[in-house]
There are 2 protein chains.
Amino acid sequence: MAGEQSAVDGRKVRGVRRKAQIIDATLTVVHRDGAAGVTHRTVAKEAGITASLTLYYFATLDDLLVAALTSVADAYTERIRTIIDSDEDKLLGLAELLAESAGPGRERALAERELSTLAARRPALRPVARRWRDNVAELARTQTDDQDAIETLVALSDGLCAAILLGDREADPAHLRTLLSNALSTH
Amino acid sequence: MAGEQSAVDGRKVRGVRRKAQIIDATLTVVHRDGAAGVTHRTVAKEAGITASLTLYYFATLDDLLVAALTSVADAYTERIRTIIDSDEDKLLGLAELLAESAGPGRERALAERELSTLAARRPALRPVARRWRDNVAELARTQTDDQDAIETLVALSDGLCAAILLGDREADPAHLRTLLSNALSTH
DNA sequence: CAACAAGTTGTACTACGGTACAAGTAGTAC
DNA sequence: GTACTACTTGTACCGTAGTACAACTTGTTG
């Protein structure tokens with residue numbers, strides 16, 4: 001039983017790892033060449049495998065992009081949930097998350113942002129992008145009941161928006177928290 | 001003399017009008033299919049002419065994109081200059097400009113924004129995009145000497161950022177002005 | 001080892017898009 | 001009208017990319 005299972009699992013694990021590897025390569029390409037640079041071939045080259053193999057795991061480009069976006073959205077969701085479940089200052093938690101996007105994780109955040117921007121054009125990506133936003137909205141709802149304020153907070157938490165607002169300056173979580181708080185109290 | 005000139009001018013005018021027509025079509029395509037949807041053929045089809053003709057006026061895609069971006073940047077620049085030269089409340093003028101981008105001109109603003117986003121990937125577009133920002137910075141400089149504050153204002157005036165911040169809500173220039181003013185006083 | 005499934009590769013077909021180019025049209029000057 | 005130039009078109013070449021597919025390799029089971 002255990003042997004039988006672990007054998008099957010062994011293959012599955014390999015497949016999962018390949019998928020993860022391909023998704024990683026995809027994000028690297030997005031980061032380097034933009035979302036428009038993502039093709040079966042560029043991703044394969046980046047991953048050091050053949051284009052056919054990316055097709056074996058992701059039949060179409062949409063599949064690949066959805067997987068990549070889902071991957072980053074899931075990671076983001078997990079962090080959001082940690083913030084929601086904690087007893088700390090939730091607004092400060094969000095501010096820290098944003099600060100990271102504008103600081104050390106800036107490049108990665110821009111790549112993520114490119115993907116979610118692409119969602120506006122690729123219908124297949126929309127559900128994932130929506131889910132992403134919903135998660136932030138849920139966090140916002142722990143702070144206020146004002147729908148407008150929630151939307152503002154979601155908008156402010158937008159990675160690119162934050163990156164633009166912050167520019168290359170030091171991202172001070174405390175300062176960011178003030179900004180978010182102001183946004184909430186405006187309504 | 002006058003006849004000779006007007007003859008030459010007549011041809012030139014036709015050429016200029018064609019160029020304008022092609023640029024218009026380009027913006028329409030950007031708005032409808034995104035910047036990635038811009039090709040010689042799609043633009044030509046949109047304009048109702050042959051692809052060869054777009055090539056006659058814009059030898060490469062970059063030429064076409066630069067022209068399109070320049071076109072919208074020039075229009076924007078002119079409006080900025082009007083604000084700077086006026087004796088009215090300059091901050092309110094900028095707020096009105098932004099309100100328009102989030103309201104009736106939202107679609108167009110998004111198209112413009114897509115183009116300037118593309119500038120991050122296409123080196124040829126960068127000078128134009130930079131000039132665009134510089135114009136807003138110049139306007140900001142009439143309000144404060146704080147370099148950080150100027151950058152914040154420039155960031156806030158970013159079309160997409162404003163669109164996101166405002167969402168689908170009514171864009172009240174007075175409210176926007178408060179936001180801008182707050183941004184300035186934060187520093 | 002034989003059978004089988006997962007994983008992997010190379011090759012090819014097709015469509016699209018950038019670009020070149022030769023040929024044709026039309027307006028203008030002499 | 002003739003020459004000239006701007007304008008316009010159709011056609012074609014080439015590279016890239018999405019996708020299909022058949023063959024091959026490798027690991028697993030019995």
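- Considering OG1 of B:Thr39 and CD of B:Glu46, their distance stands at 11.5 Å, rounded to 0.5 Å.
- The shortest non-hydrogen separation linking A:Ala51 to A:Arg41 is CB-CG, 4.0 Å.
- If you check every strand for non-hydrogen atoms under 4.0 Å, B:Thr42 touches nothing.
- Rounded to whole angstrom, the span from the CG atom of A:Leu53 across to the P atom of D:dT26 amounts to 14 Å.
- Among the heavy atoms of the strands lying under 4.0 Å from A:Tyr57 are primed sugar atoms or P, OP1, OP2 only; no base atom is included.
- When each of D:dC7, C:dG7, D:dT9 is scored by its nearest atom to the side-chain atoms of B:Tyr56, the top-ranked nucleotide is D:dC7.
- To the nearest 0.5 Å, the span separating CG on A:Leu69 from CG on A:Leu64 amounts to 11.5 Å.
- Nucleotide D:dC4 forms a pair with C:dG27, judged by Watson-Crick or G-U wobble geometry with both contacts under 3.5 Å.
- The phosphate of D:dA6 (OP1 or OP2) has no side-chain N or O of B:Arg18 nearer than 4.0 angstrom.
- Among the nucleotides C:dT19, D:dT19, C:dT8, the one closest to the side chain of B:Leu55 is C:dT19.
- With distances taken from any side-chain atom of B:Arg41 to the nucleotides D:dG10, C:dT19, D:dT8, the minimum falls on C:dT19.
- Environment of NZ in B:Lys90: crowded, with over 12 heavy atoms of neighbouring residues, nucleotides or ligands closer than 6.0 Å.
- Checking C:dG18, D:dT9, D:dC21 against every side-chain atom of A:Ser52, the shortest atom distance belongs to D:dC21.
- Rounded to a whole Å, the NZ atom of B:Lys19 is 13 Å from the C1' atom of D:dC7.
- Regarding A:Ile22, its CD1 atom lies at a distance of 11 Å from the P atom of C:dG7, rounded to whole Å.
- Whole-Å rounding puts the B:Asp33 CG to C:dC16 C1' distance at 14 Å.
- Comparing D:dT19, D:dG10, C:dG18 against the side chain of B:Leu61 picks out C:dG18 as the nearest.
- Among C:dG7, C:dT19, C:dT9, the nucleotide with an atom closest to any side-chain atom of B:Thr60 is C:dT19.
- Set against C:dT19, C:dG10, D:dG18, the side chain of A:His40 has D:dG18 as its closest nucleotide.
- Of the candidate nucleotides C:dG10, C:dG18, D:dT9, C:dG10 has the atom nearest to the side chain of A:Thr50.
- Rounding to the nearest 0.5 Å gives a distance of 5.5 Å between CG of B:Leu53 and CD1 of B:Ile22.
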